[in-house]
Each structure stands twice: as C-alpha cells, then as structure tokens.
S.K.: 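Could you have a look at this structure, given as structure tokens, before my questions?
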Protein chains: 2
Amino acid sequence: MSSRAPGAEPAAPTITNVAALAGVSRATVSRAFSNPRVLRPETVTRVREIAAELGYVPNPTAKALSTGRHGLLAMIVPDIANPFFPPMIGAAQGRAETAGLALLLGNTDEDPAREHTMVSTLTAQADGFVLAASRMTERQIRSLADRRPVVLVNRDLSGLPRVLVDSADGVRAAVEHLAELGHTRIAYLAGPTRSWANTQRKKSVKRAAERAGVEAIMLPGRVSSYEAGMQAAPDLLETGATAAVAFDDVLAHGIMAGLAQHGISVPGDISLVGCDDVLKAQVYPPLTTVSSHAADAGAAAVDLLVQHLADPASPERRVLLGTSLIIRATTVTPH
Amino acid sequence: MSSRAPGAEPAAPTITNVAALAGVSRATVSRAFSNPRVLRPETVTRVREIAAELGYVPNPTAKALSTGRHGLLAMIVPDIANPFFPPMIGAAQGRAETAGLALLLGNTDEDPAREHTMVSTLTAQADGFVLAASRMTERQIRSLADRRPVVLVNRDLSGLPRVLVDSADGVRAAVEHLAELGHTRIAYLAGPTRSWANTQRKKSVKRAAERAGVEAIMLPGRVSSYEAGMQAAPDLLETGATAAVAFDDVLAHGIMAGLAQHGISVPGDISLVGCDDVLKAQVYPPLTTVSSHAADAGAAAVDLLVQHLADPASPERRVLLGTSLIIRATTVTPH
DNA sequence: TTGTAGGCGTTATCAA
DNA sequence: TTGATAACGCCTACAA
C-alpha cells in the first residue's frame, strides 16, 4: 500500500493521530470539525490547535464514504469551445467554490450517447449535476434526476429545477427591429436541432414575424460553429431574404464570412442579427445581437443545486433570465 | 444515514450482494473487476454477469479510500474566459475520459493566492494536477509536486514534467517579417507579468529585433483582455512604433479597437501581430498571428500525467510544441 | 484459484 | 459532553 518513492508523501496525519495527541477519542476529533456545537468550546479549540500543529485535514474520501456526500458537483456542457459556455462554467465553478464544493467538468461534443455514459460514470462521485443544454432524452434526464439532484440550464422539463435564458423577448425585438427598418423577408438560421434555445428562438421568430406582418423563412439546423455558418451562406442567399437572424453569434459570424466570400456584404446587402452576445463589439462590423447572461445562468444553476442539496424538499424552481436586443452595426434599412 | 425521500435512491447494490448471489466471496467479486487475470475465466464471466443483472458498479469512493487513487485529475487555469484555455480544457477532459479519469476544473482568475488554496483543497481528492500557466511561486509548485504528480503547461520548472508552447520561433518570425516589410521601430505589448509565455515572447522579440537591426520598445504588462488592449492603444501610439507585436490575440484585438477610436487604422497606420491564433480569420481585418496549439498542449499534459501516474519513476519529460507565423492581413509595409 | 480477515479514515448510534 | 463501536464499500496480504 505504501510503496512510495523515497522521501515522498510523508503520510498525512489522520484523525487517530490527533485524537492520541489530544488525549480524546476519534469521535471527539470528528465532532470538533463537523459538529463543534455539541462539544465544550475549550475541547474544540484544543483539538483544533493540535490538528493545526499536525497539519491535519479531514480526509474527504473517508468522509464521503461515511456520509455519502462527496463535495463534488458535475457540470456537463455540449461544447466548451463554444464561447457561450466558458463564462458559464467559470461562474459555476466560482459559486461551487464558495459553497465549499469542487466542480467536475464534462464536455460531450454534442453527443447524447457520450453525455449519457459520462453522466452515468459521474453519478457515483458527484453530489449533483448541472446539465447545460443537455442533449439527452427527457427519460434519461429524469432517470438521472431520480438518483441525484439535477439542475437544467436551457432545457425546460417540468418538475426539475432549471434556469432558462429566455431569448424570446430579445428575438422578438430583433424581428420587430428588422421589420421597422423595412425588411419584409427575414430568414432564421437554426442551430442544433435538439437545443431548447433553438426551438425557442425559432418559435419566437415565427410569431414575431407573423405579428409584424413580414415573412419568416426557416433555414435547417446546424451545429453552432463558424464553419457551419460559412457553409450556410449560400442557403441564405437562395432565400432572397434581406435580413437574417442566426441561432447564435458564432453562426452569425460564420455567415458574415461566408457571405463575404460571395461578395455579399453585411449590412450593405443583408442585415444580420446574432444571439448571445458572446462577440460583444469585438468583430467588424460590430454585430447586432440578442443579449444573454451565460455567467448569471451558471451561477444561478449552482445556487439552485446547492440549495436543493441543503434541502431536498425545497420547491421546484424555474429561473428565467431575460434578454434584450443590442443594436450595433449589422442591421440597416434594406438598400 | 438512509433518510431519503420516499421512493428515491433504491440503495445501489454492493460487492456483498453480488458475492452472495454468485456464491463466492467478496474478494472474488473484487478481483473479477480489478484483477481478473488471477481468476478462472468462467468465474470472472459469471460474477460479471450477475453484477450486470444487479446493476452493480464498484463504488469509486470506497475504492479510493482503500487504494488512495481517486480517478480524478485536477486542471487549474488562470482564466477560463480567455479563449486560449477552453480548447485546452476540452482536450484535457477528453484524454482524461479515455484514461478512465474525471476532470476537476479550477479557475483562479489570475489570483495566485486563490490558486494556492484551491490546489491545497483539491490535493486530497485529485490523483494529479495539470497546472496551466500557473501563477504560484516555484516553491509552492514544488511543494505540491512533492505530494502529488504535477504537470505544468507553459511554465518551465526543471525536474517537473511540463509542456511548453514554445512561441520563440513564431515570435522571431513575426519580428523578421515586420523588419522585412520595412518596419524599424517595433513595440511589444506585454501580457501578464508572471506569465512564462510573456517573458518568453518578450525575450524573443528583443533578440530578434537586435539581430534584425531594428528597434524594440517594451510596453508594460497587462492582463490579457480586450479592455486592457483598448487601454493600451495610447501607450502604443506614444512610442511612435509603426508595428506592434501583442502578447496574445485578445490583447491585439483590443488594441485594434483602441486604435480605431483614435482614428488609427490597422494595418494602414500600424501593423499588428497577435499570438495564439485564437481568433483564426474570424475578425476583420484577419489578424496576423503566431500559431499555438492549446488543445494539443492540454492533451499532452494529461497524457504526461497519466503516464506519470502509471509509472511514478518515469523520466522527467519536457514537451515542446512549436509555433509558426501565420501571415494574414494586419501586417503591411509602413506607409 | 479462491477465501479469510484486517484495514483505509470518517461518521453515527448508543451508552455512559 | 464524551467514548466505544460498528458501519460505509472496497482492496489486499496471507493462508488455504
């Protein structure tokens, strides 16, 4: 068992060592850390002092085995390279940290099967899950939720705590904005088919277009990537639309590049709106887009999870994060 | 202990259940999974079948307590929102996954103190660490390495396994390229002071400039952010340089924006080179930059770590990932 | 090839 | 307020 390279790892002190030195039982040492209130204050301080001297720290694994709580949260995302997720992950990790929890990260590459096996493997180690834009089936998710607390981000399943970046308002505003500018034929370039955000945005475009009395043309779903956007450019041109709303900024960005290859300029020839505001004003021309709050969503999700962990009977919660239109430079009156 | 909400969590089967049903000892069940070769093949299959029926999976926590191996790797990054890191993290998680390991993610916000406490907390749960662009002191890192296997990314400490994205070649090529274009006064906009990559790039700019017989002006270090780049624009203008190399693409990108605010255009008035190629050709104008291989670095780091875990006596390794200049549109002959 | 038995470090129950 | 003691689920000498 202790076959270490010489000089390495001088065997961390255990509760037994502390107990011996403090002249108390191991139970007392344990209580001095996990339930000090039942102890005489002076006992607590004495035990803790000795523990500090020894550099004793309760072994989380042993604690986990005994309590069934691991101090670990798992966060699963479809594509960490998508700029929408890093801020969300960062915020989630931060909140977990302040709650004394560590964060396990899983990247599924948009593959539902991989997501499912990943979640299955992790379910033995994680106290709870944040599933961001999960591509698993409803049945799979509910089955997981039966075994571990689950919080969903951008997936709307009744009965489960979830935080939704509700882009309906923002997208509606985008369509109205385009209509007001004089566009009468607006395309929507869809994102991942299984994505809740995509179906929501698609629906919102349709409705808003109807209400504004303009035509909405739906382009087939794509993965969210710059390349996919480029490839979609010809399809967009075929529609004859003078304006387009893209599933997200990454796709919109790719479309701009693709259109440029065809000699079509944005916004000169076609107006374009993105989603999520992950590019900020950092591209040229600055993209008109629908705001998003990925970081807030990540923080809220972890908060929900922590709360659910503390009180499993806490009421179901559905957190809605609003969005709005950010008008920059890619939307103008049609020539 | 088992105070669950009614109907939830039907107590996962344990090794004892399997043993009972299979009519063997718990030791045999254990061996059927962790050391099947010592068992009669038919025993292995029978035990595994019964285990499968029961849905038995070895409890990783119990295993960890017994073996001291947790099946967890920790990866610490200074800023997950920096586009340099997500691909690296994604690749690292992928390699860890194929090695049967899960990935703990820590984000330090460039704060050495936070990094240190984070690492200390995690050291009890993680089998090893990947420290990306660590801001800790050498002493702190070595102390950690005494307790757990550590692989460094973009930090060059002798005796520790490390993978370095060696941008020296690329940066040198960038300076030579600028000199050939006719620039005689080149500024380097530094990045985070504690960053190994930064000192390396700075040095490389100096040397290359010397050799090329052009002047190199060093601008003070900044954090790597779009905003910091914008703020640096006036400083850059003051130098009178006709070309600049920025610590990374994010800063370069900010500089472009900042210069634009001053009515200075890139590359019309000033040529600009970035680093890391995180923007690809996705900005306008497309940025001349030095390639990088963040994803490869992440994968290599985990591979090194896994190897070190399998054989602690394996030789120290220092993996160098080369870079090269990618000429796009932000570098031209001075007016 | 398989079983026995003890241990990994904590927590929790029950007494005292 | 504290102490024994038995779990928690698995691994691993050692013995058979």
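Only this structure's heavy atoms are used, side chains among them; waters, hydrogens and symmetry mates stay out. By convention in this document, chain letters (A, B, ...) are assigned in the order of the sequence lines, proteins followed by strands, and residues within each chain are numbered from 1.
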S.K.: Whole angstroms only, please: what is the NZ-C1' distance between Lys63(A) and dT10(C)?
M.R.: 9 Å
S.K.: Compare the minimum distances between each of dG9(D), dC11(D), dT10(C) and the side chain of Tyr56(A), then state the nucleotide with the smallest one.
M.R.: dT10(C)
S.K.: Taking OP1 and OP2 of dC11(D), is either one under 4.0 Å from a side-chain nitrogen or oxygen of Ser30(B)?
M.R.: yes
S.K.: Within this structure, what is the CG-to-C1' distance between Asn35(A) and dT1(D), rounded to whole angstrom?
M.R.: 12 Å
S.K.: May I ask you to check whether over 12 heavy atoms, not counting those of Arg114(B), lie within 6.0 Å of atom CZ?
M.R.: yes
S.K.: Got a salt bridge between Glu42(B) and Arg46(B), using NZ or NE/NH1/NH2 to carboxylate O under 4.0 Å?
M.R.: no
S.K.: Which whole-number value in Å describes the distance from Phe33(B) CZ to dG9(D) P?
M.R.: 16 Å
S.K.: Could you tell me how far apart Glu42(A) (CD) and dT2(D) (C1') are, to the nearest whole angstrom?
M.R.: 13 Å
S.K.: Applying the side-chain contact (heavy atoms from CB on, under 4.5 Å) test to Phe129(B), which of Leu122(B), Val151(B), Leu104(B) qualifies?
M.R.: Leu122(B)
S.K.: Restricting to nitrogen or oxygen on both sides, can you table the protein-nucleotides 2-5 of chain C pairs closer than 3.5 Å?
M.R.:
{"residue": "dT2(C)", "atom": "OP1", "partner": "Arg40(B)", "partner atom": "NH2", "Å": "3.3"}
{"residue": "dT2(C)", "atom": "OP1", "partner": "Thr43(B)", "partner atom": "OG1", "Å": "2.5"}
{"residue": "dT2(C)", "atom": "OP2", "partner": "Arg40(B)", "partner atom": "N", "Å": "2.9"}
{"residue": "dT2(C)", "atom": "OP2", "partner": "Thr43(B)", "partner atom": "OG1", "Å": "3.3"}
{"residue": "dG3(C)", "atom": "OP2", "partner": "Ser25(B)", "partner atom": "N", "Å": "3.1"}
{"residue": "dG3(C)", "atom": "OP2", "partner": "Ser25(B)", "partner atom": "OG", "Å": "3.0"}
{"residue": "dG3(C)", "atom": "OP2", "partner": "Thr28(B)", "partner atom": "OG1", "Å": "2.3"}
{"residue": "dG3(C)", "atom": "N7", "partner": "Arg31(B)", "partner atom": "NH2", "Å": "2.5"}
{"residue": "dG3(C)", "atom": "O6", "partner": "Arg31(B)", "partner atom": "NH1", "Å": "3.2"}
{"residue": "dG3(C)", "atom": "O6", "partner": "Arg31(B)", "partner atom": "NH2", "Å": "3.3"}

S.K.: What's the CG-P distance between Leu65(B) and dA7(D), to the nearest Å?
M.R.: 17 Å
S.K.: Taking the side chain from Ser134(B) and the backbone from Leu131(B), do they hold a donor-acceptor pair closer than 3.5 Å?
M.R.: no
S.K.: Whole Å only: how far is the CD1 atom of Ile15(A) from the C1' atom of dG7(C)?
M.R.: 16 Å
S.K.: Applying side-chain contact (heavy atoms from CB on, under 4.5 Å) to Leu72(B) and Leu101(B), what does each step give before you reach the verdict?
M.R.: CA-CA 5 Å; Leu72(B) 257 36; Leu101(B) 270 19; over 6 Å; no
S.K.: Gln125(B) has an atom CD; how far is it from atom P of dG9(C), in whole Å?
M.R.: 16 Å
S.K.: Measure from the side chain of Asn59(A), starting at C-beta and using heavy atoms only, and say which of dC10(D), dT10(C), dT12(D) lies closest.
M.R.: dT10(C)
S.K.: State, without any angle test, whether Thr61(B) and Gln125(A) hold a side-chain donor-acceptor pair at a distance under 3.5 Å.
M.R.: no
